[in-house]
Structure formats: C-alpha cells, structure tokens
Trainee: 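Before anything else, here's the structure in question.
No experiment lies behind these values; they were computed from the predicted model shown. Reminder, nothing fancy here: chain letters follow the sequence lines and each chain counts from 1.
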Number of protein chains: 2
Amino acid sequence: MRPPNTGVGGASTINDVARLAGVSIKTVSRVMNDEPNVRQETRDKVQEAATLLHYRPNLLARSLAGSRSFLVALFYDNPNPAYITELQKGVINRARGSGYHLLVEPQDSHAPDLARQITNLLATIRLDGIILSPPLCDMAVVLQAIEAAGVPYVRVSPFLNPDRSPCVRMDDAQAAYELTRKLIEMGHTDIGFVLGHPEHGGAHQRYEGFVRALREDGMEPRPEWTRQGYFSYESGVEAARAILAPGTKHPTAIFASNDYMALGVMAHAQQAGLRLPDDLSVAGFDDAPGALRTWPPLTTVRQPVEDMAYAAADLLLNRNDAGADQDRMLPFALIMRESVRAR
Amino acid sequence: MRPPNTGVGGASTINDVARLAGVSIKTVSRVMNDEPNVRQETRDKVQEAATLLHYRPNLLARSLAGSRSFLVALFYDNPNPAYITELQKGVINRARGSGYHLLVEPQDSHAPDLARQITNLLATIRLDGIILSPPLCDMAVVLQAIEAAGVPYVRVSPFLNPDRSPCVRMDDAQAAYELTRKLIEMGHTDIGFVLGHPEHGGAHQRYEGFVRALREDGMEPRPEWTRQGYFSYESGVEAARAILAPGTKHPTAIFASNDYMALGVMAHAQQAGLRLPDDLSVAGFDDAPGALRTWPPLTTVRQPVEDMAYAAADLLLNRNDAGADQDRMLPFALIMRESVRAR
DNA sequence: ACGATGCTTGATAGCGCTGTCATTAAATGA
DNA sequence: TCATTTAATGACAGCGCTATCAAGCATCGT
C-alpha cells in the first residue's frame, strides 16, 4: 500500500512502473531485461514510465529471484599494487557495461583453511563468476572449492592444468625468448638471470624462454649467474649481490623476471660502483608503471594486465556463447629502453 | 519440496537448519544474527545443525528482507595504485570481520553525469556505507547524490565541509610543518615547493604547513621556487625543470607535496648534473612503497592510508554507537632518509 | 470457417531471509 | 495462590524481483 515513490531519497519499484505504464510487473521485467516478445509500443510505454520514475531494478532482488547475481569477484594474493589495480580496471571496464559489479576478495594463499573460506564465501554470495590471478589460479584447493560450488571462473596467467578452465594469458616464454635474443644480438653473451617467484606461473615460462634463446646460440645458463628471486625489490638486490659478488667475473647483462627485481639489481649495481648501462645492462619484465621512473629507464616486456583482465571478464560474461574461444592469448610488447646497451 | 542439501555443490537453507534443529526458521535467524532472547540450549542446538549442514546465510536474501546489505563500497578517482590498494586493504580488513564485503566503484570525477551515475548505482544496490576518497570526497554533487539516497558515508582526507559527515584524516598541515622545520634546522633556508593537485585536499594543507614553518623563521616562500604539480611523476619533473632553471640561483632543498613528484624532482636534478643529496636535498610526502627504492632513499612523511581506511570502515560499521567519535585524526610519522642532508 | 501456430501478456508462486506481532512458557510479585 | 510481567518461540507476511505456465489474440493455411 506504499504510494509510488517519485521523489528524492527513495527508489521506485517495479510495481510503480507497472502501474504507471498500465501493464503487469512481468512485462516491466521483460522490458528491463531486454527480453523478446514485447510489442514495441508496450516497450516504449514501459521505458517512458521507468524513466519518469527513475526506476532502477534492485540488484539484490533480481539476484534472489533470478539466476544471475550481477556480481563478479576478483580473487588475488599479490602484493603488487600496480598489478592489482590494473586487473581491477580491466574487469570493471568490461563488467560495468553489462551492469555487473566487482567484489574484491583478497585471499591468503597460505591460510590453512583457504578452501573453507572460499567455500563459505561462495555459499554466502552467489557470484556469477570469479577471476583468479596468480598464485591462486594454480592452487588445486582453490579450483576445487570453486568448482564444487559450481561457480564459473576464468584464470589469468595460470601454469597448471591449462585445460581445466577458460584462461587468459600472454606468452611469457616467447617474450623472454625474444628479449633474450635482443640481448644476444646486442653482443651480450654473459647474461645473468633472476628467477621469479616459484609459485607464480609466468616465472617458470620466463626462465624457459631465456634458456631457449641461449641454447639457440649454443650457450647454457650459468648457475652462478642464475638466482632465485621472489618478484620483490629486495630479492632483486639479494640476487644482484650474489651474481655481482666482488672478485668474480660478472655478466655483462642481467635479465630479471620482473621489474621490481630489475630495480633491485640496478640499485645494487649502482651502489657497487657499476655504471649503468655501460658496465651492466639490465632488463626486466612487466612494464610496471612506477618502475620506469628510474635512470636509466628500464628495458622490459609490456605485460597487458588490464587487457587480460578485460578479456577474462569478457569470457565470464559471454560464457553462453557456445563453444566460443575459451582461451585467450594476448600480445606482449618488447620495450627497449636505455638500461640495455650494446657491447 | 526440495530435500535438504547436505552435499557438495549446493547451499543448504535456513529451512534445512530449522528442520534439523527442530525449531522455526525465525529462531535460526535469531541465532545466526546473535539476537538476544534465545535459550542457550536452543542456541547450541541450532549452531550444531548449522555446522552440520555447512549452513551459510544467503547474503542477498538477508539484504532483501532486512535492513542491511553487508556491502560497502569504495568510491575513488585516483591513479595511484599504491594508495588505492592500501585503502582497499584497510577497508577489507575491517569489513571482513563483520561479514561485510567490498565493492570497488571507481568514478570519473570529471564525468558530466557523475551525480546521475552515483544515484543510479545507489538505487540499484542498497549499500550499507560508502567510503569516499579524494578528490570525490570534496565534490558537492557527489555528497548530494549520496545524501539524497540516504546512504551513510565516511570521507577520507577531505578538505571541504569537514562537519558534513564523519571523516578520517591525518594532519597534513602539521606534517608538512614539521618536515619543513627539520629542513630549516638542518640549515636549509632556500627551499622550493612543489604544490599538489589542487583538487585534492591534502595538497592545500601541506602547503599551508610549509608556509607556516617558513614564517616562523621570518621567511616567505619564493614564487619562482614554488610550482604547481599534480601528484604525478611527470609534473614533478616539470616543476623541477622550472625551479632549477639553468642560470638562476636555485634552492638547496625542494619539498614536493608527494613522493611521485619528489621522484620526478630527483630524476630531473640528477639529469641536470646535480648530485643528490649534496647539491640538492629533496623531500616528499606519503611514503609511497615503490618510491623509496631510489637512490638516495627519500625523506618523506608516512601517511597511514591503510589505517585511515580501516578507521573509515570502522566508523561506518559502528555508526549506531551513539554519539561516538565521528571523526578520527590519525598520526603521521616523519621518515628521515638520505635524500635530505644538512648544509 | 476452424483449429493450429506463434506472438504478447498476465497471474501467481516463489527466491531465502527478516520484521512484526501473536503466542506460549517461565519467572516474578502480592 | 493467581494475576502480571518478561523471556522464548513461532506464524506469517513480505522485501522486489524472475520463472513458469496459462491465457488472450492475432495471423495463417486448408
């Protein structure tokens, strides 16, 4: 018996619109959801009434009654703010157009009860889809929990079981290969490598591409110039300290698996008295935004994170398009800057 | 007529729990919401049944039926990934404990129909609260739209109408004042300043604190050493180019209103042949994480972004606690690093 | 002309929960 | 002791929407 609400401060309901348009609420529902089988005339009448009343369908009611929640979530456990925000941007850009909203759900990948937490979350909110980024996208317990709940998901840059779900990725191995080729072409034969976080897919593939390029020229990676890193600046410093240990021969170039580590390498090298890029060339990976404001500017690979996230959301929201491409490989770009110099 | 669902892949409902516990669904509801007036014995019985069935109340149904949606949103229009992710972290940390979830809703502060977009959003999803960060928190149309919808909100670091809503802030002016005092104490009398983005509150206050410190020693800011910046690295470079123009006397220190600009200043100074910190001291503001991996490490002010976001969420979720502190001022910390040297 | 077909529309039953209010059981007082 | 309060529980009506299914109504072929 509530009067139709046309004023500020309260939403009007589908009932108000139906009454004003002189149709049933079901017809309003049809119009709002762009369903077929409504006469154009009726459609216009409803649209007009809806506009007049500033009607916006209530998302929660739609979710409860229908089969869609208009909610997608991004699961991540990654300390890299630039990566996270780019992912979010990509997802939101795609989702908004379809009336979807983004829930951000950072997860602790080392929590012992991670699976239970995810199960609880999915029982609490019926999500229309989940986007998984490394390292969560490669954790069996996570995939199991999501699959058990029957929620569709897309993985970004996974390295395990690529066929288990739709995936979006770039060719990390090829990118590392091409960048390494460049280094070789520029006269570098002694190249160090800083490995990425072993739990993150791209890391392995980047190393693989590096090795492939070396072998093509009959070279092998040298163990003393290959160090484990963890995608952090500090681990880059650490690795550089080992690779550039005083009193040992050191490489003419170091390829770090991501930009933060490359920055760490550069910082250590400079403090160790090496001049960049003359004494040492450094290359990174990711094209991290803040990471390029250094001197000399860093040679790197642009990883299209935002585009991958957009594509992931697209895969999620177009899921019905039968048999469409369930996987997308996005292009990378080599970005040659001054941190690399020919010998 | 659906059988109770105890297996994997589907959620059990309040009905299932009620039946198993031998009580009405209302009693289950009471227990799940920690409402009073339920016998302990009954409570235990219900809890046990709920545990057995892995029951999780459906958030959407709760929202629709009740007065809470368990959803808070973060509105922002800020290109700084570190700032955004810290805000998110703070909000999520507080919200999760109370069963709340975070919706991220970046808004284009320059969109002509911003108010309408927000109104639409709020009509679509009933949010339990909104956290507004600069520059949105200082836009009248935004506040109006939110107030019209009757949604509670908390502002982080606003500078307009501080009494219009609960706010969380730090004392930007005092921080800038104290840092400037340090510079003066270290023998700097010729200090340049790079202003922050004029649409962001902190910017004005930082300048104000700077000027106050100068005046206390009978100095005045010099116009030719004071440049407008926009919180971006590039604008820092630009400002430095102007302040350090060749053939003019230049200051012995430059205080930039944030770290990105400070980095820009440092980069330009170094390229212009100045040695840091010997020829020029540089100070920033924010303690941006990536921004400190530079040489020399940057002297700055730590802005407790995550804590402010946590406090903002706390203010939102504790709103009922009558007359409690509706504003919170969080402490900052001066971080003296090597980019500043005594004359 | 008649049912058959397909397009439009509406009545109605929920989705899973909370709010309100009535009801019952227990506790208290005179 | 019985009336009076207070605690504990349940019945039931929605929240605002979608799904199902049935009904209305043209158009069509034979």
Side-chain angles (χ1 to χ4, degrees), chain A residues 1-5 10-46 49-50 53-71 99 122-126 128, chain B residues 1-5 10-46 49-50 53-71 99 122-126 128:
Chain A
M1 292 306 128
R2 185 161 70 70
N5 189 331
S12 46
T13 74
I14 197 171
N15 273 295
D16 305 329
V17 178
R19 210 171 309 144
L20 181 59
V23 298
S24 76
I25 59 169
K26 179 62 207 180
T27 297
V28 177
S29 172
R30 287 197 180 91
V31 173
M32 298 317 291
N33 290 291
D34 275 321
E35 285 173 28
N37 301 337
V38 179
R39 235 188 324 158
Q40 188 57 45
E41 189 190 340
T42 312
R43 208 178 278 277
D44 295 344
K45 212 165 49 182
V46 170
L53 297 176
H54 297 109
Y55 171 65
R56 302 267 93 200
N58 180 313
L59 205 104
L60 279 50
R62 289 173 97 173
S63 323
L64 188 57
S67 52
R68 298 181 297 173
S69 71
F70 298 95
L71 253 26
L122 300 185
T124 300
I125 311 190
R126 185 164 33 69
D128 283 352
Chain B
M1 291 304 128
R2 184 163 71 69
N5 189 332
S12 47
T13 74
I14 196 171
N15 272 294
D16 304 330
V17 179
R19 209 171 310 144
L20 182 58
V23 299
S24 74
I25 60 169
K26 181 62 208 181
T27 296
V28 177
S29 172
R30 287 198 180 91
V31 173
M32 299 316 291
N33 290 291
D34 276 323
E35 285 172 27
N37 298 339
V38 179
R39 236 188 323 161
Q40 188 57 45
E41 188 190 339
T42 312
R43 208 177 278 279
D44 295 343
K45 212 166 48 181
V46 171
L53 296 176
H54 298 108
Y55 170 65
R56 301 268 92 199
N58 180 313
L59 204 106
L60 279 50
R62 290 174 95 174
S63 323
L64 188 57
S67 52
R68 298 181 297 174
S69 71
F70 299 95
L71 254 25
L122 300 185
T124 300
I125 311 190
R126 183 163 36 68
D128 283 352

Trainee: Can you list the residues that meet the side chain to side chain contact (heavy atoms under 4.5 Å, CB included) rule with B:Asp44, with sequence neighbours excluded?
Mentor: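 Applying side chain to side chain contact (heavy atoms under 4.5 Å, CB included) to B:Asp44 gives B:Gln40.
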
Trainee: With a 4.5 Å heavy-atom cut-off, do A:Ser69 and B:Leu60 have their side chains touching?
Mentor: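 Sidechains of B:Leu60 and A:Ser69: in contact.
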
Trainee: Using the C1' atoms of five pairs at each end, what's the angle between the two axes of the helix from C:dA1-D:dT30 to C:dA30-D:dT1, to 10 degrees?
Mentor: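 So the angle between the two local helix axes works out to 40°.
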
Trainee: What is the distance from CZ of B:Arg62 to C1' of D:dC17, rounded to the nearest Å?
Mentor: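 These atoms are roughly 20 Å apart.
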
Trainee: Quick check: on DNA chain D, is the nucleotide nearest A:Arg68 upstream (toward 5') of the one nearest A:Leu60, or the reverse? Name the residue that is more 5'.
Mentor: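 Mapping each residue to its closest nucleotide by heavy atoms, the 5'-most match is A:Leu60.
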
Trainee: Measure CG/A:Asn58 against P/D:dG14 and give the value in whole Å, please.
Mentor: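 It works out to 18 Å between those atoms.
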
Trainee: Under 4.5 Å between any side-chain heavy atoms of B:Arg62 and B:Asn33, yes or no?
Mentor: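 Heavy-atom side-chain distance check passes, below 4.5 Å.
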
Trainee: Does any part of the side chain of B:Thr13, heavy atoms only, come nearer than 4.5 Å to the side chain of B:Asp16, both counted from C-beta?
Mentor: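 In contact.
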
Trainee: Is any side-chain heavy atom of B:Arg30 less than 4.5 Å from a side-chain heavy atom of B:Thr27?
Mentor: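 Contact flag for B:Arg30/B:Thr27 side chains = yes.
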
Trainee: Give one of base, sugar-phosphate or nothing for B:Ser63, where a contact means two heavy atoms less than 4.0 Å apart.
Mentor: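 If one applies the 4.0 Å heavy-atom cut-off, B:Ser63 turns out to touch nothing in the nucleic acid.
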
Trainee: Report yes or no: does B:Arg126 contribute a side-chain atom to a donor-acceptor pair with the main-chain N or O of B:Ser63 at less than 3.5 Å?
Mentor: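 The answer is yes, because a donor-acceptor pair under 3.5 Å joins these two groups.
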
Trainee: Near DNA chain D, under 4.0 Å by heavy atom, which residues of residues 24-42 of chain A?
Mentor: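 Result for residues 24-42 of chain A: A:Ile25, A:Lys26, A:Ser29, A:Asn33, sorted by number.
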
